[in-house]
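What follows is one structure encoded as structure tokens, with my remarks underneath.
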Amino acid sequence: MTQIIDGKIVAANLKEEIKQKTEVLFKTKGIKPGLALLLVGDDPASKVYVASKDKACAALGFNSIIMRLPDTASEAECLKIINDWNNDSNVHGILIQLPLPKQIDEQKIIKAISPSKDVDGFHPESVGRLVIGLPCFLPCTPHGIIELIKRYNIETKGKHVVVVGRSNIVGKPISNLMYQKQPYANAIVTICHTGAPDIFKFTREADILIVAVGVPELIKAEHVKDGVVVFDVGINRVADPNSPKGSRLCGDVDYASVLPKASAITPVPGGVGPMTIAMLMYNTYLSASGETQY
Ligand code: NAP
């Protein structure tokens, strides 16, 4: 029987745990975790993401500050806001909703965030600390995968983990995490990308396959071995004449064909996706409480 890795349930449980810890933090130390969000421009998807992060803050008893700027905003305006938040003791986490308009240098903005409030884990200092195994805020989606590995007790030590995709937000950090000499890691890691002439040669060897490419249902049954554990990060909308909406969401893995071969698999939606905001809340809680980071 294939184990369905249910990110919806894990995220809900984790949020409940954070909510309870947040109440204790407030009662014992008078601290309420505070998350500051900067949204520049009118990108509809970004607006939805910021609204759901704001809602999660309210549900867990966090303070949230949202700064909305028009898409004509300058780099200097953004830097000023970040500097103010860096110096505000009520702000424990700073999140810049990406992408930013083209007149703003994304890396310059990320670098302006104090690493101690970098709850997205994108600051070069956080990235460097992750690579050399020092405590840091882990980027939220890779952190969500580690949490699923932990809660489903998936054996990783000595396993061959194949990661498809090398983005800065998913592929690179999860690859770097999986080989660390840590519990829920300590694996042998292969990273595939468009430079590889035949990625399937590697995916077929994976004990654990993590796919983050943004290509609908790229990985099919013939590309995996029996017993593989699959984490499908992809979220794609594809046309579907059988759906009332005319479209459906799918992952980068062909779920229906891979499911019977896998020993465990994340569905899309409801797998890795729900973990991302939960881990953002967790990172913000850690920043506020001063508890040890990963
Ligand atoms: P991205 O920045 O577009 O990076 C995609 C990566 O996949 C690149 O490294 C690219 O290789 C590689 N790639 C693309 N097509 C490939 C192919 N045919 N064979 C091998 N490698 C290929 O994507 P991302 O931000 O990591 O996101 C990937 C997917 O995950 C998207 O569907 C996104 O919506 C989803 N996502 C979900 C969450 C969540 O669940 N919360 C969070 C983030 C992303 P090159 O480097 O060679 O171009």
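All ligand and atom numbering here is 1-based and tracks the order in the structure. Predicted model only: the values in this text are computed from it and were never measured. Along the sequence shown, residues carry numbers from 1.
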TODO: Just jot down the ligand 1 atoms closer than 4.0 angstrom to any heavy atom of Gly273, in number order.
DONE: 40 (O), 41 (N)
TODO: Report the residue from Ile81, Leu100, Ile109 that forms a side chain to side chain contact (heavy atoms under 4.5 Å, CB included) with Val40.
DONE: Leu100
Task: Closest to atom 24 (P) of ligand 1 (judged by heavy-atom distance), picking from Pro216, Ala196, Pro274, Ser167 - done: Ser167
- [ ] Determine whether more than 12 heavy atoms belonging to other residues, nucleotides or ligands lie under 6.0 Å from atom NZ of Lys8.
- [x] no
Open item on the list: Only heavy atoms of Asn236, strictly under 4.0 Å: list the atoms of ligand 1 that pass.
Closed with: 32 (O)
Task: Proximity winner for atom 31 (C) of ligand 1, if only heavy atoms of Pro269, Ala45, Gly7, Gly214 are counted - done: Gly214
Task: For atom 45 (P) of ligand 1, closest protein heavy-atom neighbour - done: Thr194 OG1, 3.4 Å
Open item on the list: Check this for me, if you would: do Glu205 and Lys225 make a salt bridge, where the nitrogen-to-carboxylate-oxygen distance has to be below 4.0 angstrom?
Closed with: no
Open item on the list: Any nitrogen or oxygen of Val170, side chain or backbone, less than 3.5 Å from one on ligand 1?
Closed with: no
Open item on the list: When you compare the side chain of Leu138 with that of Pro173, does any pair of heavy atoms fall below 4.5 Å?
Closed with: no
Task: Residue Gly165 vicinity, atoms of ligand 1 by number, heavy atom under 4.0 Å - done: 6 (C), 7 (O), 9 (O), 12 (C)
Task: Sidechain N-carboxylate O distance under 4.0 Å for Asp207, Lys159 - done: no
- [ ] Could you pull out, from Val213, Val215, Leu280, the option with a heavy atom nearest to atom 12 (C) of ligand 1?
- [x] Val213
Task: atom 19 (N) of ligand 1: nearest protein contact (heavy atom, Å) - done: Ile199 CD1, 3.9 Å
Open item on the list: Could you measure the distance from the CG atom of Leu177 to the CG atom of Asn186? Nearest 0.5 Å is fine.
Closed with: 12.5 Å
Task: Nearest protein heavy atom with distance in Å, relative to atom 36 (N) of ligand 1 - done: Val233 O, 3.7 Å
Open item on the list: Taking 4.0 angstrom as the limit and counting only heavy atoms of Gly234, give me the atoms of ligand 1 inside it, by number and element.
Closed with: 29 (C), 30 (O), 32 (O), 35 (C)
Open item on the list: Taking atom NZ as the centre, does Lys220 end up with more than 12 heavy-atom neighbours from other residues, nucleotides or ligands that are less than 6.0 angstrom away?
Closed with: yes
TODO: Decide if atom OH of Tyr179 counts as having more than 12 heavy atoms of other residues, nucleotides or ligands within a radius under 6.0 Å.
DONE: yes
Open item on the list: I'd like to know if Lys21 and Glu291 make a salt bridge, using a cut-off of under 4.0 Å between side-chain N and carboxylate O.
Closed with: yes
Task: Closest protein heavy atom to atom 25 (O) of ligand 1, given as residue, atom name and distance to 0.1 Å - done: Ile169 CD1, 3.6 Å
Task: Close-contact set for ligand 1 against Arg166 heavy atoms, below 4.0 Å - done: 6 (C), 8 (C), 9 (O), 45 (P), 46 (O), 47 (O)
Task: Top protein contact for atom 33 (C) of ligand 1, by heavy-atom distance - done: Ile235 N, 4.2 Å
Open item on the list: Salt bridge or not between Glu23 and Lys19? Use side-chain N to carboxylate O under 4.0 Å.
Closed with: no
- [ ] Provide, to 0.1 Å, the distance between atom 42 (C) of ligand 1 and the closest protein heavy atom, together with that atom's residue and name.
- [x] Thr141 OG1, 3.3 Å
- [ ] Give the residue and atom name of whichever protein heavy atom lies nearest to atom 39 (C) of ligand 1, and the separation in Å to one decimal.
- [x] Thr276 OG1, 3.6 Å
Open item on the list: I want to confirm something. Looking only at heavy atoms, which of Ala212, Cys192, Pro139 is nearest to atom 6 (C) of ligand 1?
Closed with: Ala212
Task: Gln182 side chain to Tyr184 backbone, donor-acceptor under 3.5 Å - done: no
